[in-house]
Amino acid sequence: MMLEVNGVSYTYGDRKAGIWVLENIFASFKPGHFYGIIGPNGCGKSTLLDLLCGHKSPDRGSVSFEGRLLSAYGKKVLARNIALVPQSLSLNFPYTAREVVTMGRYPHLGRFAAPTAEDINCVASVFDQCNAQSLAPRYMTELSGGEKQRVVFARALAQDTPVLLLDEPCANLDVRYALLLLDIAAEKVREEKRTVVAVMHDINLAARYCDQLIFMKAGRIQAAGATGKVLDEDILKSIFGVKAKLVVEPAIGAPQVVFLR
Amino acid sequence: MRVTFLQSLRHRALWPQVAVLAVVLVAAMAGAAGMGYIEVGYHEIVRIVLSAVTGGEAFAGQPIETATRAVVLEVRLPRIITAVAVGGSLAVAGAVFQGILLNPLADPYTLGVSSGAAFGACAALLLNVSMLGVFSVPLFAFAGAVITLLVVMYLASSAGGFSSNNLILSGIIVAAILSAGISFFKYAADERVSVLIFWLMGSLSARTWTDAMFASSVLLGGSAVCFFFARDLNLMSLGTRTATSLGVDVRRLSPLLLVCASLMAAICVSITGIIGFVGLLIPHLVRSISGPDNSRLIPLSMLTGGILLLAADTLTRAVLPEELPIGVLTALIGGPFFCYIFRKRQMQAMVHDA
C-alpha cells in the first residue's frame with residue numbers, strides 16, 4: 001500500500017521555459033504514518049497532492065501506488081484507494097450535506113445502483129464520528145466555510161480509502177473542530193494502518209499530529225524525516241525566514257514552536 | 001420547519017414521479033390535438049391515432065371525417081410531438097450546461113449557443129449550402145453552436161475556472177453580436193426575409209413528421225447519454241479536483257457532455273428557431289422541487305420541458321386570438337424569471353459576505 005514519488009517535476013507553463021512548480025521530488029508514503037507537508041505559500045504543496053491523487057500527471061518522473069503507475073489505474077479504482085480533501089469547496093446547487101457525503105460512496109457503487117444499507121450506515125457513522133449529525137439535513141449552500149469543510153472531510157472519510165490526502169484541512173475550522181478532525185485522521189493511521197498526507201499551515205498542529213514531516217521551498221524538498229529529527233529552529237529559519245524557539249511540551253509529549261519574530 | 005408535499009418529493013422514489021409526469025404528458029398531447037380551429041373530442045383523437053397505428057378502422061362506430069383526420073394526423077400531431085421533443089431537449093441541455101459549468105444561470109440561450117446555431121442555420125440557408133442534403137442546415141447550426149460555446153468559454157475563462165457572471169456576460173454579448181449578424185442577413189436577404197425572421201423568433205407552426213421524428217430521436221439519444229453520466233455530473237458539481245478524486249474523468253467527460261448538450265440545442269434551433277429560456281426555467285423548477293441530483297433532474301426535466309413547451313405552444317395556437325411566435329412567449333415569461341433568479345443569487349451572496 002505504498003505511494004511513491006520518483007523524481008517528479010511539474011510545470012504549469014512551458015516545459016522548455018524550465019520554470020518548475022515542483023522539481024525532482026522523491027518521497028514515499030507508507031501505511032501507518034501521518035505525513036505533514038510544510039512550506040510557504042506557493043511552494044507547490046497543493047500541486048504535490050494533485051499529483052499524488054492522479055488529478056495531475058507529472059511532466060517528468062513518476063508516481064506509483066503499490067508498485068504500479070497511477071496512470072495505469074482506472075479512475076474509479078484509484079478513487080477507492082486515494083481520497084482528497086480540497087482546500088475549499090464552492091457548490092452552486094442546493095445539495096444537502098448528507099447527499100454530498102453519500103457521494104463519497106459513489107466509487108464503490110455501480111453506475112445506476114442505489115446506495116445499499118451498508119453505504120447508508122457508513123454515511124451515518126461518518127457523521128457520528130465527525131460530530132456533524134446536525135449538519136446532515138442542511139443545504140450546503142447555507143453552511144459557513146468551516147461547516148462546509150467538515151462536510152467535505154466527512155465525504156472523504158465515507159470514501160473509505162487506504163490513503164487520505166488533506167489540503168490544509170483545518171484552514172477554516174475553529175480549534176475544537178481542528179483537533180477533532182486531526183484526532184480522527186490520527187486514529188485512522190494508528191488503528192487501521194492507513195496513510196494520511198496533510199498539507200499543514202499550523203506548525204504546532206503538525207508537530208503534534210504528524211510523525212513524519214516534509215519541508216518544501218520553491219518546488220523542492222528541503223528536509224524530510226521523523227518529526228523529532230527534522231523539526232528544529234534552523235529549518236524554520238531557512239524555510240520561512242523567521243526566528244523560532246522549540247520547546248517540548250510535556251502535556252502533549254510533542255515539540256511546539258514559539259515564534260520570536 | 002414544516003415540510004410541504006412538494007418539498008417531500010425530493011426524498012421520495014423517482015419512478016412514481018416519472019410515471020405521473022408521463023401520464024400528464026400523454027393527456028396533454030391528446031388534449032392539444034383536440035384544440036384549435038376544429039374542435040375534436042378525446043374519444044375521436046384516440047380512434048384516429050389507433051386507426052393510424054393499426055392501419056385500419058380500429059373501432060366500430062361512425063366513420064371519421066377525412067378532413068378532421070388530416071388535421072389531427074398531418075397538422076397537429078407533428079407539431080405537438082415537435083413541441084414536446086424540443087421542450088424536453090432544451091430542458092435537458094440546460095440542466096447539463098448548468099451541471100458542467102457549475103452555473104445555475106446557464107442555458108442554451110444565455111450561453112449564446114442558440115444564437116450561434118441560428119446564425120449557422122441562416123448562413124446555410126442564405127448561401128444555399130446543399131452539399132450535405134437535408135442535413136446541411138442542422139450541421140451548420142451545430143457548427144455555429146459549438147464555435148459559439150468555445151468562444152464564450154474562452155472569453156469567460158480565467159485562472160480560477162469560469163465565474164458564473166463572466167460566463168453569462170460573455171454569452172449574452174456573443175449572442176448580441178450574432179443577433180446583429182442575423183439582422184444583417186435579414187437586411188441582405190430581401191424577399192426571403194420571412195424565412196430568417198422565423199429563426200429569430202422561433203416557431204412551431206407547420207412542422208412535418210420529418211421534423212417530429214428528427215427532434216424525437218435527438219431528444220431520446222441525447223437524454224440517454226446525459227442520463228448515463230448523471231452521477232458523474234453530480235460529482236462534477238463538487239469541482240474538478242474533487243470529482244477527479246472520486247473517479248470521474250473530467251477532462252474527457254466535460255467536453256463530451258458539452259458537445260452532446262450543444263448538439264441537442266442546435267438541432268432544436270435548426271427545427272424551430274430560437275426558443276429561449278426553456279433550458280433555464282425548467283431545470284430550475286424541477287430542482288427546486290425534486291432536488292439537484294442529476295439522475296432525477298434529467299428525466300424529470302425532460303418530461304416537464306415537454307409538457308410546458310407543449311402547453312405554451314397550444315396556448316399561442318389555439319387559445320390566443322392571434323398566434324404569437326413561441327420564442328417571444330417563452331422570452332416574455334423566461335426573461336423576468338431570469339432576473340428573479342439573478343437577483344436572488346445576488347441577495348444570497350450579500351448575506352454570505354456579511
Side-chain angles (χ1 to χ4, degrees), chain A residues 12 46 49-50 52-57 73-96 98-100 102-114 137-145 151-152 155-156 158-159 161 163-165 167, chain B residues 1 3 7 10-11 13-14 95 98-99 101-106 159-164 167 227-253 283-284 287-297 341 344-345 348-349 351-352:
Chain A
Y12 283 103
S46 297
L49 287 193
D50 280 345
L52 289 178
C53 71
H55 177 48
K56 295 193 167 89
S57 17
Y73 286 87
K75 292 264 183 217
K76 220 168 167 180
V77 178
L78 213 53
R80 287 196 284 264
N81 285 290
I82 303 173
L84 171 76
V85 177
Q87 250 174 61
S88 61
L89 174 92
S90 65
L91 237 181
N92 279 323
F93 299 107
Y95 286 103
T96 62
R98 186 181 285 109
E99 285 168 335
V100 168
T102 308
M103 288 184 199
R105 299 302 300 165
Y106 281 8
H108 300 272
L109 291 172
R111 184 169 285 282
F112 295 109
R138 291 179 56 196
Y139 292 119
M140 290 296 282
T141 40
E142 291 165 4
L143 298 182
S144 75
V151 174
V152 172
R155 200 267 304 141
Q159 213 173 328
T161 53
V163 179
L164 189 56
L165 308 176
D167 196 351
Chain B
M1 194 168 62
V3 177
Q7 284 168 331
R10 184 182 173 125
H11 304 289
L14 173 66
Q98 290 168 15
L101 302 171
L102 308 181
N103 188 337
L105 293 174
F162 305 108
S163 101
S164 257
L167 207 53
F227 183 67
F228 186 79
F229 292 111
R231 259 196 195 158
D232 301 283
L233 267 175
N234 288 352
L235 296 180
M236 281 158 78
S237 65
L238 300 176
T240 316
R241 220 174 158 206
T242 309
T244 313
S245 78
L246 280 162
V248 181
D249 195 344
V250 178
R251 246 166 297 177
R252 211 177 300 163
L253 194 56
H284 237 273
R287 204 181 280 119
S288 68
I289 292 170
S290 200
D293 180 350
N294 285 285
S295 60
R296 304 161 68 87
L297 183 64
I341 304 170
K344 207 171 126 191
R345 281 168 52 83
Q348 270 172 3
V351 171
H352 277 279

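A, B, ... follow the sequence lines: proteins, then strands. Residue 1 opens every chain.
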### Query
Is chain B contacted by the side chain of A:A156, its backbone, both, or neither, given a heavy-atom distance below 4.5 Å?
neither
### Message
Tell me whether A:N92 contacts the main-chain N or O of B:L102 through its side chain, where contact means a donor paired with an acceptor under 3.5 Å.
### Response
yes
### Query
Can you say whether B:V248 sits under 4.5 Å from chain A via the side chain, the backbone, both, or neither, judging by heavy atoms?
backbone
### Message
Need one label for A:T96: side chain, backbone, both or neither, based on atoms under 4.5 Å from any heavy atom in chain B.
### Response
both
### Message
Parallel, tilted or perpendicular, judged at 30° and 60°: which one describes the rings of B:F227 and A:F112?
### Response
parallel
### Query
For A:S46, is it the side chain, the backbone, both or neither that has a heavy atom under 4.5 Å from a heavy atom of chain B?
both
### Task
Please tell me if the side chains of A:P94 and B:R287 come closer than 4.5 Å, counting only heavy atoms from C-beta onward.
yes
### Query
Do B:R10 and A:E99 touch side chain to side chain, with heavy atoms closer than 4.5 Å?
yes
### Task
Go through the structure and list residues passing side chain to side chain donor-acceptor pair (under 3.5 Å) with B:T240, not counting sequence neighbours.
none
### Message
Rounded to the nearest 0.5 Å, what separates atom OG in B:S245 from atom CG in A:L52?
### Response
12.5 Å
### Summary
With sequence neighbours left out, the residues meeting side chain to side chain donor-acceptor pair (under 3.5 Å) with B:R252 are B:D249
#### Entry: Interatomic spacing from CZ in B:R241 to CG in A:L84 - rounded to 0.5 Å
5.0 Å
### Query
Just checking, A:R111 and B:F228: is the charged tip under 6.0 Å from the six-membered ring centre and within 45° of the axis?
yes
### Query
Considering only heavy atoms, which portion of B:S237 lies under 4.5 Å from any heavy atom of chain A: side chain, backbone, both, or neither?
both
### chain B contacts, top residue of A:G74, A:G145, A:P107 (heavy-atom pairs, under 4.5 Å)
A:P107
#### Entry: For chain B, the option from A:H55, A:Q159, A:M103, A:R80 that forms the most heavy-atom pairs under 4.5 Å
A:H55
### Message
To the closest 0.5 Å, what do you measure between CG (B:D293) and CZ (A:F93)?
### Response
12.0 Å
### Closest non-hydrogen atom pair between B:G247 and A:A79, with its separation
N-CB, 3.4 Å
### Task
Could you tell me whether the side chains of A:Y95 and B:N234 share a donor-acceptor contact shorter than 3.5 Å?
yes
### Task
Name the region of A:R155, side chain, backbone, both or neither, that has any atom closer than 4.5 Å to a heavy atom of chain B.
side chain
### Task
Measure the CG-NZ distance between B:L246 and A:K75 for me, rounded to the nearest 0.5 Å.
12.0 Å
### Query
For A:V100, is it the side chain, the backbone, both or neither that has a heavy atom under 4.5 Å from a heavy atom of chain B?
side chain
